[in-house]
Amino acid sequence: MNKYHGKSTTVLKPRTTKEVSEIVKWCNDRRIGIVPQGGNTGLVGGSVPVKDELILSLANMSKVRAFDDVSGILVADAGCILQSLSDYLAPHNYVFPLDLGAKGSCQVGGNVSTNAGGLRLLRYGSLHGTVLGLEVVLPDGTILDQLTALRKDNTGYDLKQLFIGAEGTLGIVTGVSILTAPAPQALNNVMLALPKFDNVLPLFKEVKRQLSEILSAFEYIDRSVYDLAVKHNQGRALDAEEVEGAECFVLVETSGGNREHDEQKLNNLLESLMEADEPLINTGVLATSPAQFASLWAIREGLTEAVSKEGKAYKYDISVPLQKFQEVLDITREHLKSKGLMREGAVRHVVGYGHVGDGKSGNLHLNVVADAYTPEIEAALEPFVYELVAKYKGSVSAEHGIGVMKTHALQYSKNAVSIDWMKRIKQLFDPKGIMNPGKVLP
Ligand code: MLT
Ligand code: ZN
């Protein structure tokens with residue numbers, strides 16, 4: 001995003017957990033701040049220094065330590081790139097239970113530290129469930145070895161959970177034990193064009209009812225961000241008649257055990273949707289080859305890049321009730337208009353996309369695309385957006401984390417008692433405040 005610039009002079013790239021431990025101990029003794037850095041693909045500035053901290057990159061710790069092809073439990077160094085772990089698992093007929101657009105460069109330690117959500121949370125759940133154990137270097141250099149491969153272990157406090165989503169503020173994740181999933185035998189996807197946003201929820205209900213156990217993703221893409229993806233060449237664009245009159249799109253993916261059965265289910269779904277008296281969709285484009293499958297996903301996975309190619313994005317990653325997605329976009333656009341900021345030279349687009357199936361509320365990525373980051377636009381957006389989220393009892397960060405960008409917004413999603421206990425936990429683990437200073441806590 002090119003939004004945060006530190007003044008670090010030093011990057012260390014240890015090869016072993018012991019080296020990480022020695023570096024951390026050395027820094028702790030001298031009160032030197034450390035920024036643990038994975039693939040550096042985060043969207044809230046969590047992996048970049050705010051001042052002159054030492055950058056500790058996990059990039060040289062990139063080995064798979066063990067894999068058991070009966071249980072599917074994988075133990076890997078924190079610096080393993082997500083895509084390389086998927087490639088490693090493929091011949092064993094397993095898949096990594098997390099998938100996201102940045103998979104080509106993000107690292108599993110960063111994924112765990114940010115509790116990344118991604119595109120298939122609907123199917124495999126969050127990392128709080130799939131991570132079985134962690135190895136963490138604590139702020140004084142102690143190695144906390146909780147790299148168990150047990151699915152069941154009710155022996156007191158589950159410490160590893162504290163590090164999942166802590167964004168490196170409590171210690172550095174150096175190893176991960178995770179339950180991978182049997183690879184689906186058949187993957188399909190379909191891009192559905194909807195005449196209006198109001199159809200998204202009834203469509204979700206119907207898709208869940210008909211596809212049930214094979215549904216693995218249900219992703220919402222509004223028209224304006226779809227157009228940006230096409231403009232910036234992300235994936236195969238649908239034909240002109242397929243997008244005509246579409247106010248938004250939904251990308252549905254199925255992962256099942258039998259190609260014929262799954263295709264039948266998808267075809268039946270499409271037929272019933274098209275033949276309804278008041279169809280919920282205008283049209284549906286079903287991938288008929290692996291290349292088309294990849295291409296439809298490329299549109300969805302390319303949205304972040306398309307937005308950043310278009311301008312400077314103010315990114316809000318919020319949980320709000322599904323039925324409020326459109327309202328949030330409209331209210332934000334109107335608000336910017338009322339401030340005279342929806343114009344050339346200021347804000348160009350207010351767009352939305354996200355993960356519909358992630359819970360009672362959905363995860364909306366509200367992106368405000370401007371020509372430049374300016375104090376005026378920022379003042380118009382904040383706390384405006386956060387107050388809106390608080391009104392809906394949502395979350396100011398559904399999956400991207402807090403980083404440095406949202407520390408001031410934490411209070412809109414966490415009450416004072418919660419923040420106080422978070423601070424106490426931080427103090428307990430890191431009394432000298434060397435671990436990723438300036439991140440997460442206000
Ligand atoms: C996504 O869903 O594409 C990611 O969370 C990244 C983003 O919000 O831009
Ligand atoms: Zn997302």
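Quick note: residue numbers are just sequence positions, from 1. Counting convention: from 1, in listed order, for ligands and their atoms alike.
At the shortest separation from atom 6 (C) of ligand 1 among protein heavy atoms lies T304 OG1, 3.3 Å. Looking at atom 5 (O) of ligand 1, its nearest protein heavy atom turns out to be H400 NE2, 2.7 Å.
A donor-acceptor pair under 3.5 Å links the side-chain atoms of R123 to the main chain of S255, judged by distance alone. Not a single donor-acceptor pair under 3.5 Å links the side chain of D77 to the backbone N or O of C80.
For the residue pair S47 / Q37, no side-chain donor-acceptor distance below 3.5 Å is found, with atom types taken as modelled.
Distances below 4.0 Å separate heavy atoms of H355 from the following atoms of ligand 1: 2 (O). Each of the atoms 3 (O), 7 (C), 8 (O), 9 (O) of ligand 1 lies under 4.0 Å from some heavy atom of Y353. Of all atoms in ligand 1, listed by their number and element, those nearer than 4.0 Å to a heavy atom of H365 are 1 (C), 2 (O), 4 (C), 5 (O), 8 (O). Taking a cut-off of under 4.0 Å to the non-hydrogen atoms of L43, the atoms of ligand 1 that pass are 6 (C), 7 (C), 9 (O).
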> When you look at E310 and H232, which way does the side chain to side chain donor-acceptor pair (under 3.5 Å) test go after all the steps?
Replying inline: CA-CA 8 Å; E310 182 71 8; H232 296 289; 2.8 Å; yes
> Can you list the steps and then say if L121 with H355 is a side-chain contact (heavy atoms from CB on, under 4.5 Å)?
Replying inline: CA-CA 9 Å; L121 191 130; H355 318 285; over 6 Å; no
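The one candidate from R343, R348, K312 that meets the side-chain hydrogen bond (donor to acceptor under 3.5 Å, both in side chains) condition with D371 is R348. Under the side chain to side chain contact (heavy atoms under 4.5 Å, CB included) rule, V404 has a single partner from E167, K3, K439, which is K439.
Taking a 6.0 Å sphere around CD of E327, one finds it holds more than 12 heavy atoms contributed by other residues, nucleotides or ligands.
Distances shorter than 4.0 angstrom do not occur between any heavy atom of V307 and any atom of ligand 1.
Distance check for D317 against the Zn ion (ligand 2): none of its N/O/S atoms falls below 2.8 Å. With a cut-off of 2.8 Å, the Zn ion (ligand 2) has no N, O or S atom of H400 in range.
Considering the Zn ion (ligand 2) as centre, the angle to NE2 of H365 and to NE2 of H355 is 100° (10° rounding).
Ring-plane geometry between H400 and H365 is classed as parallel, the angle between the planes falling under 30 degrees on a 0 to 90 degree scale with a further cut at 60.
Among the atoms of N367, none of the N or O lies under 3.5 angstrom from an N or O of ligand 1.
Taking all atoms of both residues into account, the shortest heavy-atom contact from F429 to L170 is CD2-O, 3.9 Å.
When the Zn ion (ligand 2) is compared with the N/O/S atoms of E399, atom OE2 turns out nearest.
Of the listed residues (E219, E305, R300, K315), the one carrying the non-hydrogen atom nearest atom 2 (O) of ligand 1 is R300.
If you look at E399 next to ligand 1, the close heavy atoms, those under 4.0 Å, all belong to the side chain. Contacts between L119 and ligand 1, counted as non-hydrogen atom pairs separated by less than 4.0 Å, are absent for every part of the residue.
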